[in-house]
Structures are given as C-alpha cells and as structure tokens.
Q: 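The structure that follows is given in the form of structure tokens.
Side chains are part of it too, since the values below use all heavy atoms of this structure and drop only hydrogens, waters and symmetry mates.
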Amino acid sequence: MKKLKKWQLATLIIIPVAIVLGAVLLLFLNNQNAKQEAIDSKPLVQKAKEGSVASSVLLSGQVSANNEQYIYFDSTKGDLENVLVNVGDQVAVGQALVQYRNTEAQANYDSAVRALNKIDRQIYELRTNGTVTTPTAEGEEGSETTTPAQTQSLDSQLKDLYDNRADAADKVNSSKLLLDATTVLSTVEGTVVEVNRDVSKSTTGSTQTLVHIVNNGNLQVKGELSEYNLAHLSVGQEVTITSKVYPDKTWAGKISYISNYPKDAQQASASPTSGGGTGGTGAKYPFTIDFTSEIGELKQGFSINIEVKNNSKAILIPVSSVVTEDGKNYVWKIDEKGKAKKVEVTLGNADAENQEVSSGLTKDDKVIVNPTADLKDGQEVKNYEEIN
C-alpha cells in the first residue's frame, strides 16, 4: 500500500470533522428556529377596551389677533384730510383715527341746526307774546305781527310748530350722523401696526388700508377646512397645535367656531370637488381655534399645523386581531371556558394600532391578537399570554 503524504492525511482527518461540526451546527439552528416558531405562535390575548382612535383630521391655519381693526379708504366720506395716529401708537376704544373733509356734510348740518334754532325762537315768541316773527321777502326776520290765520287758535299753532320742530330735529340728527362719519373711531384697544397716508383716489383705493390696529393680548388660530372635514368636526373639539418654528413644542386649543357657509359660495359652486378625497377646489369653511394653553413663543402670523382630537368613545381592539373573510370582518375571542370563539364584528375608524368596533364585542372581552389560520371554533386555547 502506497504511503500517504502528510497533506493527504490531514485532508482525510479535517473533512470528516468539518462534516460533523456542520451537522451539529445545523441541528442547533433548527432547534433554535423551532423554539422561535413556538414563541411566535404563542397566542397573545388582549382585553377589548373603551377609548378613542387617534384623529386622522389634520388642518392648517395661521395665528391671528382675536381683536383687530382694519380701516380702508372710503371715498364716500369725502377727501382724506388726515390720519391721526402713527405706527406704534397705543389707542383706546373710541379714539379718532382718520379724518375726512366733506364740505357738503358740514353745510347740511349747519343749515339743519339753523332751521331748528329758528323754530325754537318761533315757539318761544308764540308762547310768550302770542305772535310769531315772520320773515320778510328777502328771507330776513321781520317785525312781530299777528298770525295770518285769525281763526286759528294759539294751541293749534303751537302744535304745528312742535311738529315742524320734530322734523327739523330729525334733519339735525341725520346730518350729524353723516358729519360724524367723516371721523373714523377705533373699535378695539390695541397697537397701531400699519399706517398708509398716501392712498390712491382711483377705484382701487377702496382696497387700500389706512390704519391697522391689533390687540396682541388675545391670539387665536384662523383657517379654512374642506367640506369633507366639515362633516366630521364640531365646536368644542380639542386640538393639538404645532409649529415648524418650534418643532419640539406643542400647544393645546379648542375649536371655537365653524362657519356653516363657505368663504366664497359663488366660487365653491363653480368649481365643486369631485370624488371623495379631501383635496380639490371645493368649498372652504372658515374656522377659529382658541388657545387653552399658554401661547408662549407663538406670534401673530405664524403658520401652524393642527391635529384634531377624536372625542368619540368606542370599543377598541388591536388592528391585527381583525380577520376578513368573504367581505365580512371577524375577531377570535376566548370565552369563559377558555375556548376560541369566532364572532362577526362591525368596524368603525382605525389608526395605526387600534380598531374601533361598533358591534360584536363588549368591553373586557378577551381578543386573540395574533390569530392563526388553523384556529378552529371551539378549540381550547392554552398557554396564552395576556398583554396590555
């Protein structure tokens, strides 16, 4: 027999050893996989609980002043005479802000006052002397004369004069309103943030701001929501507010107003949204949100994101526990005897973790979170793990 070389002898020894070690390793891995499968297939059970799914309604808005006043140029009041405030001024309610010059309004008021004073003098003369000073042909007051209607009693003349006085007083009041309108007053207390004294007298001048006043003491969120969100939101719902400027902070708020009418009804009817999505150019409904937490670093004009909290309560189960068969939804639960029972359920809204169940389950029912395909109705469930 030919003598083997050393390397050939080593090969004959190493190969069988490697084969044995590989077999041992494969056996070990198979054993581990079997153990892992046993762990993975262990029934996990969770009690149905009452709660709310996370809201899927996301809105956007802008931080705005709750109390602010815009004053626009109004050519019907006359020529702009003066803007009486400057940027940065603190103004009070009722303070004069803008003054117009209207010579016609002033002349009408002065004429109405003179007519009222004249009637008052006539009443005084008639009550005192029984006569009335009548005007001359030139329109000036003449001498005292007896009344032309000799048969008319003094009481009748006084009643006529009182009626005339009432008409004259109405003219004074109406002309004074027109004259007062030439002075624009502040309706809010706050800070003047914009003043524009150089406005155009053209047709576009009416859109130009003369004075803008803001009260920064009470900020709120204003925005617009779609017709689809309108059906799912209501006044009083709580919201969480975030800002890109401060990504690590949140603020709390509550919906205080939702309009029942679109911002631009004509535009909404001309360009309706098709389908069932949340986008498109459908009607937009204004809404406002009041802060229920400290405003902190938020400033007027900040763009913010809003997540509406879901106030509705329902029975919640893990999303993974729902099984769909032939268009119907089922859940496996464990009855009082520890056996699996397949029940049909009616589902509601869901989020990434929880599923609403509107019928088929009650609170504290034990639901199998990870049902397997070979699970049978009435099968005894052993060694399950109950999770929270």
Q: Are Tyr384 and Ile368 co-members of a hydrophobic cluster defined by side-chain heavy atoms under 4.5 Å apart?
A: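 Yes, same cluster.
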
Q: If we only count heavy atoms from C-beta on, is the Leu210 to Tyr72 side-chain gap below 4.5 Å?
A: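 The answer is no, as the side chains (C-beta and beyond) never meet within the 4.5 Å cut-off.
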
Q: Please name all residues satisfying side chain to side chain contact (heavy atoms under 4.5 Å, CB included) with Tyr162, sequence neighbours left out, ordered by chain then number.
A: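 Expected list: Ile123, Arg127, Leu158.
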
Q: Do Leu80 and Leu84 share a hydrophobic cluster, counting only Ile, Leu, Val, Met, Phe, Trp and Tyr and linking them when any side-chain heavy atoms are less than 4.5 Å apart?
A: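 No: no chain of side-chain contacts under 4.5 Å links Leu80 to Leu84.
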
Q: Check this for me: does any side-chain nitrogen of one of Asp180 and Lys176 sit under 4.0 Å from a carboxylate oxygen of the other?
A: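 Salt bridge flag = yes for Lys176 with Asp180.
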
Q: Using a 6.0 Å cut-off, check whether atom CG of Asp248 has over 12 heavy atoms from anything other than its own residue.
A: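 It does: Asp248 CG has more than 12 such atoms within range.
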
Q: Using only atom types and a distance under 3.5 Å, with no angle test, would you say the side chain of Asp79 pairs donor to acceptor with the backbone of Arg101?
A: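 No; judged by distance alone, with no hydrogens or angles, the pair does not exist.
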
Q: Under the side-chain hydrogen bond (donor to acceptor under 3.5 Å, both in side chains) rule, what do Ser111 and Asn108 come out as? Steps first, then yes or no, please.
A: CA-CA 5 Å; Ser111 176; Asn108 290 339; over 6 Å; no

Q: In this structure, are over 12 heavy atoms from other groups packed under 6.0 Å from Asn383 atom CG?
A: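 12 or below, so no.
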
Q: Do any side-chain atoms of residues 60-71 form donor-acceptor pairs under 3.5 angstrom with protein atoms, and if so which ones, sequence neighbours left out?
A:
unit_1, atom_1, unit_2, atom_2, d
Gln62, NE2, Gly301, O, 3.3
Ser64, OG, Gln62, O, 3.4
Glu68, OE1, His212, NE2, 2.9
Gln69, OE1, Thr187, N, 2.8
Gln69, OE1, Thr187, OG1, 3.3
Gln69, NE2, Leu185, O, 3.2
Tyr70, OH, His212, NE2, 3.3

Q: Any chance the side chains of Asn82 and Gln99 put a donor and an acceptor closer than 3.5 Å?
A: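 Per modelled atom types, Asn82 and Gln99 side chains form no pair under 3.5 Å.
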
Q: When you measure from the side chain of Glu227 to the backbone N and O of Ala283, does any donor-acceptor pair fall under 3.5 Å?
A: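 The answer is yes, because a donor-acceptor pair under 3.5 Å joins these two groups.
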
Q: Give the C-alpha distance, both sets of side-chain angles, the deciding distance and a yes or no for salt bridge (Lys or Arg N to Asp or Glu O under 4.0 Å) between Lys341 and Asp335.
A: CA-CA 7 Å; Lys341 184 178 181 181; Asp335 62 15; over 6 Å; no

Q: Determine whether more than 12 heavy atoms belonging to other residues, nucleotides or ligands lie under 6.0 Å from atom CD of Glu81.
A: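 For Glu81, atom CD is crowded (more than 12 foreign heavy atoms under 6.0 Å).
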
Q: With distance as the sole test, does Thr292 use its side chain to make a donor-acceptor pair with the main-chain N or O of Ala252 at under 3.5 Å?
A: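 Such a contact is found between Thr292 side chain and Ala252 backbone.
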
Q: With a 4.5 Å cut-off on side-chain heavy-atom distances among I, L, V, M, F, W and Y, is there a chain of contacts connecting Leu361 to Leu347?
A: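 Yes, one cluster joins them.
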
Q: For Pro318, does its backbone N or O pair with a side-chain atom of Asn354 as donor and acceptor, under 3.5 Å?
A: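 Checking the backbone N and O of Pro318 against the side chain of Asn354, no donor-acceptor pair under 3.5 Å is found.
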
Q: Do Asp120 and Arg165 meet the salt-bridge criterion of a basic N to acidic O distance under 4.0 Å?
A: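 Yes, charged N to carboxylate O under 4.0 Å.
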
Q: Check for me, please, whether Phe287 and Tyr257 land in the same ILVMFWY cluster - side-chain distances under 4.5 Å, paths through other members count.
A: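 No, it is not one cluster - the side chains of Phe287 and Tyr257 are not joined through contacts under 4.5 Å.
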
Q: Mind checking whether Val357 and Val319 sit in one hydrophobic cluster, side chains of I, L, V, M, F, W, Y counted as touching below 4.5 Å?
A: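 No, because Val357 and Val319 fall into different hydrophobic clusters, even though each may have its own neighbours under 4.5 Å.
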
Q: Is the side chain of Glu125 donor-acceptor paired with the backbone N or O of Gln122 at a distance under 3.5 Å, no angle test?
A: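 No, Glu125 side chain to Gln122 backbone: no donor-acceptor pair under 3.5 Å.
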
Q: Tell me if a side-chain donor or acceptor on Asp89 pairs with a main-chain N or O of Val91 at a distance below 3.5 Å.
A: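 Between the backbone of Val91 and the side chain of Asp89 there is no qualifying donor-acceptor contact (under 3.5 Å).
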
Q: Please tell me whether Thr346 and Ser358 have a donor and an acceptor in their side chains that are separated by less than 3.5 angstrom.
A: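 No - no donor-acceptor pair under 3.5 Å links their side chains.
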
Q: Give the minimum heavy-atom separation between Leu126 and Leu154, together with the two atoms involved.
A: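 Nearest pair, atom of Leu126 first, then Leu154: CD1-CD2, 3.4 Å.
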
Q: Any salt bridge between Glu297 and Lys249, counting N to O under 4.0 Å?
A: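 Salt bridge present between Glu297 and Lys249.
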
Q: Ignoring hydrogens and angles, state whether a donor on the side chain of Asp110 or Gln106 is under 3.5 Å from an acceptor on the partner side chain.
A: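 On atom types as modelled, these side chains qualify, holding a pair under 3.5 Å.
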
Q: Just verifying a value: how many Å separate Ser243 OG and Phe302 CZ, rounded to the nearest 0.5 Å?
A: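 Interatomic distance, Ser243 OG to Phe302 CZ, rounded to 0.5 Å: 6.0 Å.
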
Q: Would you call Phe291 and Val221 a side-chain contact if the rule is heavy atoms closer than 4.5 Å?
A: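 Counting from C-beta outward, Phe291 and Val221 do come under 4.5 Å.
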
Q: Charged N to carboxylate O under 4.0 angstrom, Lys342 versus Glu325?
A: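 Glu325 and Lys342: salt-bridged.
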
Q: Under 3.5 Å, is there a donor-acceptor pair between the side chain of Tyr100 and the main chain of Asp74?
A: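 The answer is yes, because a donor-acceptor pair under 3.5 Å joins these two groups.
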
Q: Taking Ser321 for its side chain and Ile317 for its backbone only, find out whether a donor-acceptor pair lies under 3.5 Å.
A: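 A pair under 3.5 Å: no.
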
Q: Quick check on Gln95: does its CD atom have over 12 non-hydrogen neighbours (other residues, nucleotides or ligands) under 6.0 Å away?
A: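 It does: Gln95 CD has more than 12 such atoms within range.
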
